[in-house]
Amino acid sequence: MAEKPQPVRVLYCALCSLPAEYCEFGPDFEKCKPWLIKNAPEVYPNLLQEAHEKEAERVSERLQSVGISAGAADEATLPSQSASSSKPEEVKRLPGGKIKKKEKQEVVIEKVVRNRRKCITSVKGLELFGELQLF
């Protein structure tokens with residue numbers, strides 16, 4: 001008797017919600033890299049090597065920059081520098097890699113001619129001014 005095929009367990013990325021194999025084609029692969037290194041190192045083995053190389057470079061730079069007399073002062077300044085540079089600008093991203101654009105904040109006045117003498121004037125965008133009273 002033939003065995004029933006078992007369902008395949010797919011690992012989905014917690015950041016872009018794509019399968020781990022397709023993260024590189026997602027909206028922001030750079031943000032997914034740390035998650036992939038931690039949770040799915042077998043999918044992208046080259047990411048693990050890159051992470052180790054970067055960590056080795058970072059450690060060697062720290063060792064070269066730290067002096068014997070100023071060791072405690074350098075360690076105190078390093079966390080403050082990394083905290084200020086680690087805050088990137090927030091961008092709204094929709095599923096599928098699309099970027100949500102903000103609406104233009106402008107008032108549009110349109111004049112549409114119905115017949116020879118009649119026309120319709122429409123004003124759009126007045127809600128940007130809050131409590132605006134029209135007389």
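No experiment lies behind these values; they were computed from the predicted model shown.
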So CG of Leu36 and CD of Glu21: to nearest 0.5 Å the spacing works out to 9.5 Å
Answer whether the closest heavy-atom distance between the side chains of Val112 and Ser122 falls below 4.5 Å. no
Gap separating the CD1 atom of Ile109 from the OG1 atom of Thr121, nearest 0.5 angstrom: 8.5 Å
Measure the spacing between SG of Cys16 and CZ of Phe25 and express it to the nearest 0.5 Å. 12.0 Å
So Val123 and Val108, do their side chains get closer than 4.5 Å, heavy atoms only? no
Might you work through the salt bridge (Lys or Arg N to Asp or Glu O under 4.0 Å) test for Glu55 and Arg58, ending with a clear yes or no? CA-CA 5 Å; Glu55 185 65 30; Arg58 210 175 300 139; 3.0 Å; yes
Pairwise distance NZ(Lys33) to CD(Glu30) - rounded to 0.5 angstrom: 4.0 Å
Do Leu15 and Phe29 have side chains that approach each other closer than 4.5 Å (heavy atoms only, starting at C-beta)? no
Are side-chain heavy atoms of Cys13 and Pro19 found at a separation under 4.5 Å? no
Can you name the closest pair of heavy atoms from Pro27 and Leu18 and give their distance? CD-CD1, 4.5 Å
Same cluster or not: Ile37 versus Val43, using hydrophobic residues (I, L, V, M, F, W, Y) connected whenever any side-chain heavy atoms lie under 4.5 Å apart? yes
Cluster check Leu47, Tyr22: I/L/V/M/F/W/Y, side chain < 4.5 angstrom: no
Grouping ILVMFWY residues whenever side-chain heavy atoms fall under 4.5 Å, the cluster of Val10 otherwise contains Val8, Tyr12
Is any side-chain heavy atom of Arg114 closer than 4.5 Å to a side-chain heavy atom of Ile120? yes
